[in-house]
Structure formats: structure tokens, C-alpha cells
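Data first, discussion second: the structure below is written as C-alpha cells.
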Amino acid sequence: MANGGLYLSCSAFVCALAFLGVDGDFVDITYVASAVAKGAVCLDGSPPAYHLARGFGSGVNSWLVHFEGGGWCSNVTTCLQRKHTRLGSSKQMAKQIAFSGILSNSPDYNPDFYNWNKVKVRYCDGSSFTGNVEKVDPATKLHYRGAKVWQAVMVDLLAKGMNKTDNALISGCSAGGLTSILHCDRFRDLFPVDTKVKCLSDAGFFINEKDIAGVEYIAAFFNDVVTTHGSAKNLPSACTSKLPPGMCFFPQTEVKQIQTPLFILNAAYDSWQVRNILVPGFADPHGKWHSCKHDIEQCPASQLQILQGFRDDFLKAVEDQGTPSTRGLFINSCFVHCQSETQETWFASDSPMLETKVVSKH
């Protein structure tokens, strides 16, 4: 992983891809049934789950733990909605999923990690694995136990051989990318000091930006997430001792304090952030941004100028983290969200590149 700041443009072809992906191997689900007795459960009380593809050859003692994305729930209403989906219940999850991109087992498509032990941790708590409210409301029967889920899954993986690893990488996409930031040092602490441990956040660097109406929507939303899930005690105390807990959900308040090597992969025009932070639906009641925020090529000059301002603010937030030897960046100008799970953007002949290297080679 390269150090320092890396900024590049994205070809129109890559930006416009439908991202159909290269077919990957299907990997069975594993339920952590023992976690239920410990209260480490999904929103609906079902057990946590993950998919594990065993390593082989030279990668048998290396582990990649990748966290699924899927946004957050910020109150009882939205958490109840998630409770009946795969994002709130392991009962609703597919029994098999395809591994591709950073999880591919093909040396042609994933040359660095193809033969590692590869894990995809399913996301069913709605708090980027930070919540922990002991009491369960008998009316809603919602369980806010994300932090316990994280711990239970790690214990289970350590018992399955991760404790003997030589190399360990925690990664994730979107809310999972935020997970890899918030839990980066905690993941490092699981291993002996001589184990090589790094963190990768893909599309997890959400910035604190006002929407087009001048409202601090995302700040209020993250505050509600942290309050609903009781996340404050599971966020770094170095931040919560200085700032309101909701602010400590933003990577820009966290990254400076992380000791473990961290690589940030993100689009400066992150499509999810444009649609949900810069232009949430209620900030555009007349739908003037509808075409633009779903297809950047449909944006008139006035809206492109606002998008450029968002990009500038994003780059400033990233650059403010400094460029120490434990940081790496791959920031491109694609209008996408998540690039490590999809083969076209991770490692392909037309993937976004910096000079001669695609993201997987950094």
C-alpha cells in the first residue's frame, strides 16, 4: 500500500459501468450461534453471520476480514424496518454469496489476496458495529448490540485459526468501510505485536458537510444513530472526551488518532454521499437535482460547480489527516460508491489507475 495522497481522474467508461462484475466463487454462510447467549445478536435477536473462504498455499496464515455495508438506522422506526431484512436479521440472509474483487480466489483478478483466508462479515446491527444497549424494549424487541457482534465474530474467527495469522487486514465497504476505521486499532489489539496488521476503508470516509439547503443533515443523522444505539462508549475516548459523540462517527475526527496503518480508498465524488449528504431528498423538494445526482453527465454547469465544491471539501477533509508513514490514499474522481468488491474497479484492464497501477496494487 502506497503512502501519501493519490488523486486521479476516472475514465468515462469506468464511471459509466453497470458493474456486472466477474462471477465469483459462492461461499456458504456461517452463523455464530454461540453469540446469542452472550447477547451479541442482530437487530431482531438472530445470531451474527459471516462467510469464510479458507486460505491455501502461501496465504494459509494470512487473513482478510471484510465488513459488509448497508447504511445505518437512526431511530426505532428505521431500525424496525431493517429488522425484517438481511440488514437486521441473519434469518433473511442468503445462504451463499459470491466472492469477487478483493475477495476473489483468482490470482488473475486478485493477485495479492486470492489465497488468503477471506471473510465477509454480514451487517445486521445498523450502527457500523458500535452499538450496545443492554435493555431490550419488550414492545419493539430491537437489539442494539453491534459492538458485541463485532467482538463475538472476532472471537469466533480467532478460534478458527486467525490467532495464528502472520498478516491481517480489516476492510469494508461503505458502512463497513466506516467499521474498518472505527475498529482499526481494536483489530490491531487482537494480535501479537509482531503480526503485520493493516486497515482498508473503501467508501467509508463520510464527511461532515451541509446539504444544498444549508442544513447539517448528516451531522444530525449520525448523532441520532449514536444516541439510538448507545454507541458513545464504543467510540474512541480520545474523540468523545473533546467532541459530542455524534461527531466522533465522522472519520475526519478519527483518522488522526489511529495508530495502525490505514489505507483510504474513496471517490471524491462519492455517489452515495452526493445523493444522501449533499442532496438528500427533502433538500430538493422540486426534484431539480434528480437527474444530476443519479447521472453526473446530466448536471448543468451550476450544479457541477456545487459538486466541485463538495469534491474540494472532501479532499480538504482527507488532506487534513496528514500524510504520515502509516497512511495511504487512493482518491479518484469517479462517480461511484465502493470499489474494492467489484472486479471492474478493483483489478481489471480498464480499472481506475494512478500512472500504471490500479487500486489493488497500491
Side-chain angles (χ1 to χ4, degrees), residues 43 67 69-82 87-88 123-135 137 140 142-150 172-186 199 201 203-258 262 264 266 270 272-283 310 313-314 316-318 320-321 337:
L43 285 169
F67 285 82
W72 310 268
C73 59
S74 61
N75 52 45
V76 170
T77 299
T78 54
C79 289
L80 280 174
Q81 291 171 349
R82 289 172 76 98
L87 292 174
Y123 183 37
C124 66
D125 69 278
S127 71
S128 286
F129 299 87
T130 62
N132 190 8
V133 177
E134 286 296 328
K135 185 178 180 181
D137 187 330
T140 63
L142 284 169
H143 298 72
Y144 302 112
R145 303 288 176 76
K148 285 190 173 184
V149 168
W150 188 89
C173 157
S174 192
L178 179 58
T179 297
S180 67
I181 292 175
L182 296 176
H183 290 279
C184 182
D185 284 342
R186 195 172 287 122
C199 309
S201 172
F205 201 96
F206 301 93
I207 66 170
N208 184 14
E209 181 89 346
K210 291 181 180 179
D211 64 28
I212 56 172
V215 176
E216 295 181 339
Y217 165 71
I218 191 62
F221 178 79
F222 275 176
N223 182 70
D224 289 344
V225 171
V226 169
T227 300
T228 298
H229 290 267
S231 300
K233 54 184 172 291
N234 297 307
L235 298 173
S237 59
C239 180
T240 55
S241 63
K242 301 174 184 177
L243 296 171
M247 296 301 295
C248 297
F249 219 61
F250 286 105
Q252 62 203 85
T253 63
E254 297 288 347
V255 170
K256 287 181 182 179
Q257 304 162 60
I258 294 174
L262 169 66
I264 298 170
N266 225 106
D270 185 292
W272 189 93
Q273 294 195 54
V274 168
R275 293 165 186 160
N276 295 278
I277 294 179
L278 182 64
V279 195
F282 60 83
F310 177 86
D313 290 345
F314 179 89
K316 184 176 186 302
V318 173
D320 282 348
Q321 306 309 315
H337 183 64

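- Atom CE of Met247 is separated from atom OG1 of Thr253 by 6.5 Å, given to the nearest 0.5 angstrom.
- Heavy atoms from other residues, nucleotides or ligands lying under 6.0 Å from CD of Glu216 number 12 at most.
- Below 30°, between 30° and 60°, or above 60°: for Phe206 and Trp72 the angle between ring planes is above 60°, a perpendicular geometry.
- Donor-acceptor pairing under 3.5 Å is lacking for the side chains of Asn234 and Ser231.
- Using a 30° and 60° split on the angle between ring planes, Phe250 and Phe222 fall in the tilted class, from 30° to 60°.
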* For the pair Lys210 and Val215, evaluate side-chain contact (heavy atoms from CB on, under 4.5 Å) and give the outcome as yes or no after the intermediate values. => CA-CA 5 Å; Lys210 291 181 180 179; Val215 176; over 6 Å; no
* Between His143 and Lys148, does a side-chain contact (heavy atoms from CB on, under 4.5 Å) hold up when you go through it step by step? -> CA-CA 11 Å; His143 298 72; Lys148 285 190 173 184; over 6 Å; no
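- Note that SG of Cys239 and CZ of Phe249 are 12.0 Å apart. Values are rounded to the nearest 0.5 Å.
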Using side-chain contact (heavy atoms from CB on, under 4.5 Å), reason through Ile218 and Glu209 one step at a time and then give a plain yes or no.
CA-CA 7 Å; Ile218 191 62; Glu209 181 89 346; 5.5 Å; no
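- Partners of Tyr144 according to the ring-ring contact (aromatic ring centres under 6.0 Å, His included) rule, which considers only residues two or more places apart in sequence or in another chain, are His229.
- Both tests hold for Arg82 against Tyr123: distance to the six-membered ring centre under 6.0 Å, angle to the ring axis within 45°.
- Qualifying salt bridge (charged side-chain N to carboxylate O under 4.0 Å, His left out) partners for Lys316, counting only residues two or more places apart in sequence or in other chains: Asp320.
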